[in-house]
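Below is one structure; the comments refer to it alone.
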Amino acid sequence: MQCSWKSMVLLALASIAIQYTAIRTFSSNPLSFLCSVGLAPSGLTVNCSPKELMQVGQETPVDLDHSCDRSPSHANSSPSLSNPSYNVTKRTHILILATTRSGSSFVGQLFNQHPEVFYLFEPLYHVQLALLPRLAQSRNLAERRVMLGAARDLLRSLYHCNLHSLESYIQPRPARHSTDKLFRRGASRSLCSPPVCEAPLGSKEQVLVLADEGECVRKCGPLNVSVAAEVCRAKRHAAIKTVRIPQVSDLRALIEDPRLNLKVVQLVRDPRGILASRIETFRDTYRLWRLWRATGRRPHNLDLGQINTVCEDFLRSVSVGLARPTWLKGRYMLLRYEDLARFPLQKTKELYSFLGLVLDHNVVDWIINNTRGSSGLSSWQKFTTVRDSAANAENWRVKLSFDMVVYTQTVCQPLLGLLGYKTIFHPRELRNLSHSLVEDRTFLPFF
Ligand SMILES: *[C@@H]1O[C@H](CO)[C@@H](O)[C@H](O)[C@H]1NC(C)=O
Ligand SMILES: *[C@@H]1O[C@H](CO)[C@@H](O)[C@H](O)[C@H]1NC(C)=O
Ligand SMILES: *[C@@H]1O[C@H](CO)[C@@H](O)[C@H](O)[C@H]1NC(C)=O
Ligand SMILES: *[C@@H]1O[C@H](CO)[C@@H](O)[C@H](O)[C@H]1NC(C)=O
């Protein structure tokens, strides 16, 4: 056993295209690293249902967005396939580094709605699934390294629009570069618009009704990966959202690659808010937390690692980011979910300014439509947190018991201080929503 773990570490360090087949030979002890980075505690038993594995990376259990939306103005901006060559030096690659239930779907939309950005939603889902044929039993450093090596390798390929490299992780293996099994394809607008999807999408009125991802999958047919790759090359920029990379230092090799021009947006959220949201979403994994809330007594076998991991990963990653090492110069921005919820447009402008991208009016329209000021679009209620602004970003305060909050604060104390989330000491402070627990802080990008 020792010997094969060493081999795995070496394999990871070599960081050469780690293939699924190579990994399988080591998998007598199933690779774990899950039910997700951020959910699985080190050294503790992880218990994820397949449904929850699916939900990892998904901000809402309901179907998302209107990715198939193709308003007439977008038709003109569909990429020209006659000119597949692109200016590599000008191309910006964006990574949204997040954890489950931290608002990453919303941040993803800020790029998905931009006509010049090729956006992929959680492609590392396939790496996780392929390297973990059986559900996770344990978690250790070697496994984590192998997974991260494969993840980095795939990210690099995807940014270079080599989408075929994703195929080796998709089950069943796509035939003739065609698949209907891409995870959450409908969340990516590029994959639901011409020329990748040639389905007739109807008039503008009908487009507005296309609010769920399933519509894209049903109407567009199997995904032709080769055509998707051409579209990726034709777009100016590429953005990928992931909840499967724990810390920014895990990306150092990519960030230091000048050919890649990678910029990382680390999205953070008050861990008390993440906890409250996960308890609602991952009902099996967080069953004991619900029990605690219902009975008022902490179950003795409560999985403490679930919240520890979030806070440890955030703390290490943000500490690195805020320490401003030279390798992160111009490449790292910290974004608090609560700030985005309160000032969506202003924060989005700062985000685009950091990335050096021009903010497109489609993005602005989308923000206006999906935050305060919009009404009557019930299918978009998934973003209510943002629409109802600050009050809802803090609605964990009516969802968690005082004991649960105190426990979480104890575990996450250094992180709360670092990110400017106020600790509470009395139930009265917890429920008094007129008093925000988010300190005003400015985290300037490191230029
Ligand atoms: C590519 O972009 C760089 C940086 O803006 C510019 O200096 C260069 O001339 C461009 N090359 C081409 C072929 O457009
Ligand atoms: C995918 O698209 C390519 C390029 O247009 C085409 O040559 C190929 O036949 C298509 N594959 C399938 C399975 O339709
Ligand atoms: C915003 O809403 C308006 C009116 O409902 C609609 O015409 C427009 O296409 C929407 N824009 C975006 C980007 O969602
Ligand atoms: C709630 O907080 C506000 C602002 O800190 C304070 O003025 C008010 O007295 C508090 N209300 C209660 C019921 O404690």
Side-chain angles (χ1 to χ4, degrees), residues 67-68 70 74-75 77-86 118-120 123 126 157-158 160-186 188-201 215-235 238 270 272-273 276 336 338-339 341-343 388-406 409 416-417 419-441:
S67 306
C68 292
R70 182 176 72 103
H74 299 147
S77 54
S78 75
S80 152
L81 291 186
S82 55
N83 180 19
S85 67
Y86 55 92
F118 184 80
Y119 174 68
L120 288 177
H126 291 288
S157 298
L158 293 178
H160 288 308
C161 297
N162 180 8
L163 302 192
H164 295 306
S165 57
L166 186 56
E167 290 180 35
S168 46
Y169 294 104
I170 296 178
Q171 304 282 337
R173 185 76 184 260
R176 296 171 58 236
H177 304 303
S178 171
T179 182
D180 56 4
K181 290 283 180 280
L182 183 73
F183 179 60
R184 301 284 304 273
R185 171 199 180 169
S188 170
R189 194 187 181 98
S190 306
L191 301 183
C192 297
S193 324
V196 181
C197 175
E198 295 289 6
L201 288 169
E215 191 87 34
C216 166
V217 175
R218 280 192 300 278
K219 291 204 167 158
C220 299
L223 175 73
N224 185 325
V225 180
S226 307
V227 177
E230 285 178 55
V231 169
C232 172
R233 286 187 197 100
K235 298 259 180 181
D270 190 323
R272 296 166 292 189
R336 289 192 306 185
E338 292 81 2
D339 292 330
R342 282 190 293 185
F343 315 110
D388 295 353
S389 82
N392 263 341
E394 290 194 56
N395 70 357
W396 59 267
R397 294 169 66 179
V398 296
K399 290 185 174 169
L400 297 181
S401 70
F402 179 67
D403 286 349
M404 293 164 91
V405 171
V406 168
Q409 289 180 169
L416 294 177
L419 293 177
Y421 299 127
K422 291 177 200 160
T423 306
I424 54 125
F425 301 96
H426 196 280
R428 202 173 51 228
E429 290 173 276
L430 177 62
R431 309 283 188 217
N432 185 351
L433 297 182
S434 61
H435 168 68
S436 174
L437 297 182
V438 182
E439 284 171 19
D440 288 331
R441 288 268 182 101

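Note that this is a predicted model, so its numbers are computed, not measured. All ligand and atom numbering here is 1-based and tracks the order in the structure.
- For a threshold of 3.5 Å applied to N or O pairs, the pair formed by Asn432 and ligand 4 contains at least one separation below that value.
- Between Cys197 and Cys216, a gap of 2.5 Å or greater is found separating the two SG atoms.
- In this structure, CD in Gln409 is found 13.0 Å from CE in Met404, a value given to the nearest 0.5 Å.
- Of all atoms in ligand 4, numbered sequentially from 1 with element shown, those under 4.0 Å from a heavy atom of Ser434 are 1 (C), 2 (O), 3 (C).
- Across every non-hydrogen atom of His164 and His177, the tightest pair is ND1-ND1, 3.2 Å.
- The distance from ligand 4 to the heavy atoms of His435 drops below 4.0 Å at these ligand atoms: 2 (O), 5 (O).
- Annotation for Trp396 and Arg272: closest pair CH2-NE, 3.4 Å, computed over non-hydrogen atoms.
- At least one side-chain heavy atom of Cys220 sits less than 4.5 Å from a side-chain heavy atom of Arg185.
- Applying side chain to side chain contact (heavy atoms under 4.5 Å, CB included) to Val196 and the options Val231, Val225, Asn224 leaves one that passes, Val231.
- Lys181 places no side-chain N or O within donor-acceptor distance of the main-chain N or O of Pro172, the cut-off being under 3.5 Å.
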Pick out the protein N or O atoms lying less than 3.5 Å from any N or O of ligand 2, and list each pair with its distance.
{"from": "ligand 2", "atom 1": "2 (O)", "to": "Asn224", "atom 2": "OD1", "distance (Å)": "3.3"}
{"from": "ligand 2", "atom 1": "2 (O)", "to": "Asn224", "atom 2": "ND2", "distance (Å)": "2.3"}
{"from": "ligand 2", "atom 1": "11 (N)", "to": "Asn224", "atom 2": "ND2", "distance (Å)": "3.0"}

